[in-house]
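A short worksheet on the structure shown next.
In what follows, chains carry the letters A, B, and so on, assigned in the order in which the sequence lines appear, proteins first and then strands, with residues in each chain numbered from 1. Because the structure is predicted, anything quoted here is derived from the model rather than measured.
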Amino acid sequence: MFKWLHPYAKPETVYHLCGRLMPWLMGAALLLLLLGNIWGLAFTPPDYQQGDSYRIIHLHVPAAIMSMGTYSAMAIAAFTALVWQVKVAQWSVLAIAPIGAVYTAIALITGMAWGKPMWGTWWVWDARLTSELILLFLYLGVIALSGAFSDRQTGAKVASLLAVVGVINLPIIHFSVEWWNTLHQGASITKFAKPSIDPSMLWPLLISILAFKILMLALLCMRLRTAILVNEQHRPWVKAMAGD
Amino acid sequence: MVTLGPFLKRELRLLARQKADWLNPVLFFVIVLSLFPLGVGPEPNLLRIIAPGVIWIAALLSVLLAAERLFKDDYRNGVVEQLVASRQPLLAFVLAKLLANWLSTGLPLVLLSPLVALLLNVDMASFTAMVLTLLLGTPLLSLLSVLGAALTVSADKGGILLALLILPLYIPLLIFASAAMEAAGMALPYHGQLAVMLAMLLFALALVPVAVTSALKINVS
């Protein structure tokens, strides 16, 4: 497996791979995002209790799922960067962090917008909301830490270490609705049990989740390409490409 | 573990010579606590209600104040670098730092707790809970602040960054500690919260020293 993975540790290969993948990913993400959201926002039946305001789940749930998914991707990259000293993994940690931070912010803001009509308040200090807020702080911490060192390499390594430490928050967020008796509802979609949501609402939601996932990959490709160029600007292959 | 002794002796001697390093945070703790009755009014019942949260927030901030200088001097005068280069077990150094940090910032808070209880009008049941949560919680505070200090030791602007990194990790501790004290105030059992705090402490004790060691190595290289 390592023989097969080995070329992908080379920045030049990754740069071109990302360049090839990005248009496809971006196209697919936009298509699915439009499909999922238009279907979910306009063509699904209203909820019998919540009326039309439940429709915000088509943004809230994908963003919330991907805020955690992005964090685990970042933590895996960070672990790879620390253990095997792979440069590309290090840069991808810094490339992923802002994407995850924005997803977390979207999840929090849409959640607040939904909470106002449903719970009657913008914010409650409930376990899931609080742990999601901590996740946002962790993302911001990783971003701030990576920029705080005069040596860029040290910053990236230290930020990776913090990303690995912060993994402790993921199970807390995931199980917060089961461990504590919270205002936030439990999961509506699980892998094993029958989902507690009607199929007519489930399908657009699943499409939106997939769209957010692919959008994350597309943005990652974009940011990683920039990071590779910035870090490798004195290498011959970059200079050759720039026509120097 | 054989080498823990000399490291600990060195840390304690440094603390004895630089009293401001640990006296100031303790003083800060008392001053912050005495500001609250002035700010929210000296109504005894109100003070009793807000006491758990106030005490723990003051403890968090005072530990944070001490955290910034933990590795700074040793990093600047090259001690950390020499230790990494000499292949001495860095773990003993880290553990000595931890222990010294707790003895100088955590333990004084526990010892000061009777005074705090008087200031904030805490009743006897909550006072017992306060001492127990401080005993279990302050080592965890020390662990996390040592981690934060090690991460940011060579950063340009360590201070505010340290707060940004460490305060989110303090939140679970804050929740359980003040929940235990509130439960004690209402004469409810609080063993559950104490057990969770002990579990968090043991978990951190197992993993944080390793993370601190590698953070120091990254900062030196």
If I take atom [atom1] from residue [X] and atom [atom2] from residue [Y], how far apart are they, to the nearest 0.5 angstrom?
X	Y	atom1	atom2	value
B:L164	A:L145	CG	CG	9.0 Å
B:I171	A:L133	CD1	CG	6.5 Å
A:F149	B:L151	CZ	CG	7.5 Å

Tell me if the [atom1] atom of [X] is crowded by more than 12 foreign heavy atoms within 6.0 Å.
X	atom1	result
A:F79	CZ	no
A:Y15	OH	yes
B:R69	CZ	no

Close approach to chain A in residues 205-220 of chain B, criterion heavy atom under 4.5 Å: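 From residues 205-220 of chain B, the residues near chain A are B:A211, B:S214, B:A215, B:I218, B:N219.
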Residue selection (most heavy-atom pairs with chain B, distance under 4.5 Å) from A:G155, A:S150, A:S131: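 Answer, by heavy-atom pair count under 4.5 Å with chain B: A:S150.
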Taking every non-hydrogen pair under 4.5 Å, which of A:T154, A:L140, A:L82, A:L138 racks up the most with chain B?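 Going by pairs under 4.5 Å, I would pick A:T154.
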Do the non-hydrogen side-chain atoms of B:F203 and A:I168 ever get within less than 4.5 Å of each other?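 A side-chain contact under 4.5 Å exists here.
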Strictly less than 4.5 Å between heavy atoms, which residues of residues 219-237 of chain A line up against chain B? Please order them by number.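 At a heavy-atom separation under 4.5 Å, chain B is reached by no residue of residues 219-237 of chain A.
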Examine whether an atom of A:V165 lies under 4.5 Å from a heavy atom of chain B, and if so say whether it belongs to the side chain, the backbone or both; otherwise answer neither.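 It is the side chain, since no backbone atom gets that close.
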